[in-house]
Asker: 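One structure is given below, represented as structure tokens, and several questions about it will come after.
Bear in mind the structure is a predicted one, so any value in this text is a computation, not a measurement. Values below: every heavy atom of this structure, side chains too, minus hydrogens, waters and symmetry copies. Numbers restart at 1 for each chain; the letters A, B, ... are given by sequence-line order, proteins then strands.
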2 protein chains.
Amino acid sequence: MIPEELLESHQAFRKKYAKGAIIFREGELPNHYFQIIHGEVKMCNFNDDGREFIQGIFSTKQSFGEPPLFLNRLYPANAIAVSDCELFILSKPLFLNLINENASVSMAIIENLAQRLHYKSVMAAEISSQEPEHRLLKLIDYSIRFFKTEKEKEGYRIDLTRQQMADLTGLRVETVIRSIKALEKKNEIKIINRKVYR
Amino acid sequence: MIPEELLESHQAFRKKYAKGAIIFREGELPNHYFQIIHGEVKMCNFNDDGREFIQGIFSTKQSFGEPPLFLNRLYPANAIAVSDCELFILSKPLFLNLINENASVSMAIIENLAQRLHYKSVMAAEISSQEPEHRLLKLIDYSIRFFKTEKEKEGYRIDLTRQQMADLTGLRVETVIRSIKALEKKNEIKIINRKVYR
DNA sequence: TTTACTTTATGATTTGAGTCATAAACCGAT
DNA sequence: ATCGGTTTATGACTCAAATCATAAAGTAAA
């Protein structure tokens, strides 16, 4: 999102995380801007009985975790590496400088936040009021535009496990599996050796 | 959010809406920036069978509906006047100018978006994975900080109808009524002639 | 190729929020 | 004071998703 050159010229450093590593935790005070060089990161919450809710999955060139940085608020969720990954990290004061100096960066930030707010608006309305199949279809369509998909001859391949879909929509795995099958029967999607295509 | 003087010096105009009036509709192309002078506005979706989901309720000095403006996307929800209200309206090109010229305005926009994203993150995790009482309590605590409350000797008075709470959390009115009562029994909240206090 | 683990799959059962019906309490306008 | 509309309230019943149990299929590592 922020061009590499700019980040590097402003003393951002690189850091690698192994799959499963925790980048920051819910409740911590944010001190840095993070942008993905390669790999994938999820932001998620765990509720009292250990169930996970995935706020979003981010990949190359995307940033995450800025909102509380601007609000002097604690992180509302955890950031965890979904795969091995490498990040640019920029300290809060340097990041804020960069924004103030550079109108195009601040516009990029605005667009990025607007983007994520849009996703949340759409999914919030879905999650709260629709049946599982509808919810999943929306997630699938949304994920095609924004994460984890590759275009193949059979259509777009959704690179999410059933469990991830469950955690993104607030459903249980079993419900996702059953709904996915129902959607296949209705010809809304295809399943080719367990992968979902649309 | 954007100072009145600035809005006026940039040719924003004022417009009044009666209670219930539709300011814009889901699916329309955004052309303006809106900021509330007085009154309240809700953004909401209606699903196939007419049920409403409230994305947020906004009041004095708050703006709404910017995200799709930045993304050249259609409105994902309707904006409806909850009470009689008056708004500042600024055309898209003038608004974008204003942001580009003025770093403090663009920072204000960033903070505003971050704020709303934060609310959505918190509520998304709640809505998708918690029991009604937990969900409602979170909404109540959040609404104390951000909308529709007044501090009284009995505590904060939540100025939301049961129906609004239902539409904000994705629950049904009856469930809200029952859960609110259960919360009162557990001494989490007070109910004084039908109003909720916390 | 065997082992250990993850992901997908499927049936049986439970449960709690949704739905439906009905009514009381409240509020504003005439 | 009366009337129409909204908001709150409550009970009975339904049903779909969650839960529980169990296993097959796939995958990665030793």
Asker: Return no unless some side-chain N or O of B/Thr175 is found under 4.0 Å from OP1 or OP2 of C/dG18.
Answerer: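 Answer yes for this pair, as a side-chain N or O of B/Thr175 is under 4.0 Å from OP1 or OP2.
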Asker: To the nearest Å, how far apart are B/Glu133 CD and C/dG16 C1'?
Answerer: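 One finds 12 Å between C1' of C/dG16 and CD of B/Glu133, rounded.
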Asker: Any donor and acceptor pair, going by atom type alone, linking the side chain of A/Asn45 with main-chain N or O of A/Pro76 inside 3.5 Å?
Answerer: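 The answer is yes, because a donor-acceptor pair under 3.5 Å joins these two groups.
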Asker: How long is the line joining NZ of B/Lys185 and C1' of D/dA9, in whole Å?
Answerer: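 It is 13 Å, rounded to the nearest whole Å.
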Asker: So, for A/Phe58 and A/Phe34, is the gap between ring centers shorter than 6.0 Å?
Answerer: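 No, too far apart.
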Asker: Could you state the atom-to-atom distance from CG of B/Asn47 to P of C/dG18 in whole Å?
Answerer: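 Distance check: B/Asn47 CG to C/dG18 P gives 13 Å.
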Asker: Starting at CD of B/Gln163 and ending at P of C/dC27, how long is that distance when rounded to a whole Å?
Answerer: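 In whole Å, C/dC27 P lies 18 Å from B/Gln163 CD.
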Asker: Expressed in angstrom and rounded to an integer, what is the separation of A/Leu136 atom CG from D/dA16 atom C1'?
Answerer: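 Nearest whole value for this atom pair: 15 Å.
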Asker: Any idea which of C/dA21, D/dA18, C/dT10 is nearest the B/Glu174 side chain?
Answerer: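 Selected nucleotide (nearest to the side chain): C/dA21.
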Asker: So that I can tick it off, tell me whether A/Lys195 and A/Glu154 are bridged by a salt bridge, with the cut-off set at under 4.0 angstrom between side-chain N and carboxylate O.
Answerer: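 Here A/Glu154 does not pair with A/Lys195 in a salt bridge, since their nearest N and O are not under 4.0 Å apart.
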Asker: At less than 4.0 Å, is any side-chain N or O atom of B/Arg194 found next to OP1 or OP2 of C/dA25? Yes or no.
Answerer: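 Negative; the distance criterion is not met.
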Asker: Taking 4.0 Å as the cut-off, does a side-chain nitrogen or oxygen of B/Arg162 come that near to OP1 or OP2 on D/dT8?
Answerer: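 Yes, B/Arg162 has a side-chain N/O under 4.0 Å of OP1/OP2 on D/dT8.
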Asker: Compare the minimum distances between each of D/dA18, C/dT7, C/dG18 and the side chain of A/Leu171, then state the nucleotide with the smallest one.
Answerer: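 Looking only at side-chain atoms, A/Leu171 lies closest to D/dA18.
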Asker: Take A/Asn193 and A/Arg51, find for each the nucleotide of DNA chain D with the closest heavy atom, and name the residue whose nucleotide sits nearer the 5' end.
Answerer: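 Nearest-nucleotide comparison on DNA chain D picks A/Arg51.
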Asker: What is the separation between atom NZ on A/Lys19 and atom C1' on D/dA28, rounded to the nearest whole Å?
Answerer: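 Nearest whole value for this atom pair: 10 Å.
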Asker: Over how many whole Å does the gap from A/Asp167 atom CG to C/dT8 atom C1' extend?
Answerer: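 Value for this atom pair: 15 Å.
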Asker: Below 4.0 angstrom from OP1 or OP2 of C/dT8, is there any side-chain N or O of A/Lys181?
Answerer: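 Answer is no, no contact under 4.0 Å.
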Asker: Do A/Lys92 and A/Pro30 come close enough that some side-chain heavy atom pair is under 4.5 Å?
Answerer: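 Side-chain contact under 4.5 Å: no.
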Asker: Looking at the side chain of A/Pro132, which of C/dT8, D/dA17, D/dT8 is the nearest nucleotide?
Answerer: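 In terms of side-chain proximity for A/Pro132, the closest of C/dT8, D/dA17, D/dT8 is D/dA17.
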Asker: Can you tell whether the side chains of B/Glu133 and B/Lys185 come within less than 4.0 Å, N to carboxylate O?
Answerer: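 Not counted as a salt bridge, because no side-chain N and carboxylate O are separated by less than 4.0 Å.
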Asker: Take the protein atom CD1 of A/Ile191 and the nucleotide atom C1' of C/dT8, then report the distance between them rounded to whole Å.
Answerer: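 That distance rounds to 10 Å.
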Asker: Choosing from C/dA12, C/dT19, D/dA21, which nucleotide comes nearest the side chain of A/Arg178?
Answerer: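 From the listed options, C/dA12 comes nearest.
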Asker: Is the phosphate of D/dA18 approached by A/Arg172 (side-chain N or O, under 4.0 Å from OP1 or OP2)?
Answerer: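 A/Arg172 to D/dA18 OP1/OP2: side-chain N or O found under 4.0 Å.
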